[in-house]
Amino acid sequence: MEELHDVEEHIPKILRVPETYHFVTDWRFRAPLKKVWSVVLDIERYPGWWKNFRRVAITRGDGKSVGSVIVCEVRGSLPYSLKYALEVREAEEYRYILLQSTGDLVGTGRWEFSEVEPTTVKAAYYWDVATTSPILNLVAPLAKGALARNHERVMANGFAALRPHVEG
């Protein structure tokens with residue numbers, strides 16, 4: 001019976017321990033840098049283009065300048081939605097934007113833009129976040145691979161959705 005008590009005592013701790021994820025997405029577009037920056041960071045339009053973004057609202061600022069706040073709801077192929085807010089912490093136009101995430105995902109996101117060839121722009125996204133959902137944290141040790149594949153599918157959907165707007 002003492003062993004059961006020990007397990008019960010540790011369950012709340014397990015549920016509070018966030019699982020950390022480090023994702024890197026590398027998109028290449030055949031378009032001018034200014035256009036890539038403009039479309040990729042036009043996050044308010046994502047729900048109309050990118051099926052995984054259920055809701056996006058800029059609640060402060062313009063969504064691209066320091067201090068701006070963007071509230072998002074995203075759903076991948078797994079049966080849950082993530083709700084989080086992104087605050088722009090740093091930005092250098094046409095180079096990078098650093099975002100601080102709170103809510104179901106806590107951590108940072110960073111878009112970096114660079115011309116890799118005269119007609120090709122690289123948009124790289126570095127997403128370093130932890131989940132705050134007790135259920136996700138509980139299943140993460142067993143399902144981390146599935147959660148990572150879900151993120152990769154969401155980002156592949158994003159590239160496919162944004163590419164015609166960037167290159168068109």
Side-chain angles (χ1 to χ4, degrees), residues 19-132 136 144-168:
E19 187 66 37
T20 303
Y21 298 87
H22 307 283
F23 299 113
V24 177
T25 301
D26 184 344
W27 291 345
R28 307 280 170 129
F29 297 103
R30 291 191 154 293
L33 177 62
K34 289 181 180 183
K35 186 166 186 187
V36 174
W37 169 273
S38 177
V39 174
V40 170
L41 295 182
D42 193 0
I43 194 165
E44 270 190 310
R45 297 186 95 168
Y46 281 10
W49 298 340
W50 190 343
K51 68 180 181 177
N52 301 107
F53 275 81
R54 300 295 174 96
R55 188 174 62 87
V56 172
I58 295 176
T59 59
R60 185 171 66 216
D62 62 5
K64 296 178 186 135
S65 59
V66 173
S68 293
V69 175
I70 307 127
V71 177
C72 303
E73 181 179 346
V74 178
R75 185 178 179 108
S77 56
L78 299 176
Y80 64 88
S81 292
L82 296 171
K83 297 175 184 172
Y84 55 93
L86 298 169
E87 180 178 356
V88 179
R89 302 304 299 248
E90 296 178 23
E92 184 180 326
E93 193 171 40
Y94 310 124
R95 303 303 320 138
Y96 77 93
I97 187 166
L98 176 65
L99 307 161
Q100 181 75 42
S101 180
T102 57
D104 290 339
L105 296 171
V106 295
T108 60
R110 181 181 173 98
W111 278 109
E112 293 183 3
F113 299 85
S114 59
E115 293 176 299
V116 292
E117 294 174 14
T119 60
T120 303
V121 171
K122 174 182 173 181
Y125 191 59
Y126 303 90
W127 192 220
D128 298 303
V129 291
T131 56
T132 61
L136 285 179
K144 195 166 186 175
L147 297 172
R149 284 188 299 280
N150 185 60
H151 171 79
E152 290 167 7
R153 279 191 297 276
V154 167
M155 295 307 283
N157 291 342
F159 180 71
L162 271 62
R163 190 173 184 190
H165 300 283
V166 172
E167 295 181 350

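Please read all numbers here as calculations on a predicted model, not as lab measurements.
Using a 4.5 Å heavy-atom cutoff, the side chains of Glu87 and Thr102 are not in contact.
Checked against salt bridge (Lys or Arg N to Asp or Glu O under 4.0 Å), Arg89 has no partners two or more places apart in sequence or in another chain. Considering only residues two or more places apart in sequence or on other chains, Ala124 meets the side-chain contact (heavy atoms from CB on, under 4.5 Å) condition with Lys122, Tyr126. A search for side chain to side chain donor-acceptor pair (under 3.5 Å) contacts involving His165 returns Trp49, not counting sequence neighbours. Scanning for salt bridge (Lys or Arg N to Asp or Glu O under 4.0 Å) contacts around Arg30 gives an empty result, with sequence neighbours left out. Residues passing the salt bridge (Lys or Arg N to Asp or Glu O under 4.0 Å) test with Glu93: none are found, sequence neighbours excluded. Residues passing the side-chain contact (heavy atoms from CB on, under 4.5 Å) test with Glu152, sequence neighbours excluded: Arg149. For Arg28, the side chain to side chain donor-acceptor pair (under 3.5 Å) criterion is met by Asp26, not counting sequence neighbours. With sequence neighbours excluded, the residues that form a ring-ring contact (aromatic ring centres under 6.0 Å, His included) with Tyr21 are Phe23.
Separating the OG1 atom in Thr108 from the CG atom in Asp128 is a distance of 4.5 Å, to the nearest 0.5 Å. Taking OH of Tyr46 as the reference point, atom CG of Leu162 lies at 5.5 Å (rounded to 0.5 Å). With values rounded to the nearest 0.5 angstrom, Lys64 atom NZ is found 8.5 Å from Ile97 atom CD1.
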Using the side chain to side chain contact (heavy atoms under 4.5 Å, CB included) rule, take Val121 and Tyr94 through it: C-alpha gap first, then chi angles, then the decisive distance, then the call. CA-CA 11 Å; Val121 171; Tyr94 310 124; over 6 Å; no
Test log, rule side chain to side chain contact (heavy atoms under 4.5 Å, CB included), inputs Val88 and Leu99: CA-CA 5 Å; Val88 179; Leu99 307 161; 3.7 Å; yes
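Between Ser68 and Gly61, the closest heavy-atom pair is OG-CA, 3.5 Å. The two residues Trp127 and Gly109 have their closest heavy-atom pair at CE3-CA, 3.5 Å. Heavy atoms only, all atoms of each residue included: Ser101 and Leu105 are closest at OG-O, 2.5 Å.
Between the side chain of Trp50 and the backbone N or O of Val154 there is at least one donor-acceptor pair closer than 3.5 Å. In terms of modelled atom types and a separation under 3.5 Å, the side chain of Thr132 and the main chain of Gly103 share a donor-acceptor contact.
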Distance-only donor-acceptor hits, side chain of residues 72-85, under 3.5 Å, sequence neighbours excluded:
residue, atom, partner, partner atom, Å
Ser77, OG, Asn150, OD1, 3.0
Ser77, OG, Arg153, NE, 3.3
Ser77, OG, Arg153, NH2, 3.0

Pairs of donor and acceptor atoms involving the side chains of residues 33-44, under 3.5 Å and at least two apart or interchain, shall be tabulated with distances.
residue, atom, partner, partner atom, Å
Lys35, NZ, Val166, O, 3.3
Lys35, NZ, Gly168, O, 2.8

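Screening residues 100-117 for salt bridge (Lys or Arg N to Asp or Glu O under 4.0 Å) gives Arg110-Glu112 as the qualifying pairs, with residues at least two apart or on separate chains. Sorted by first and then second residue, the salt bridge (Lys or Arg N to Asp or Glu O under 4.0 Å) pairs involving residues 157-168 (not counting sequence neighbours) are Arg163-Glu167.
Counted within 6.0 Å of CZ on Arg45, heavy atoms from surrounding residues, nucleotides or ligands total 12 or fewer; the atom is thus considered open.
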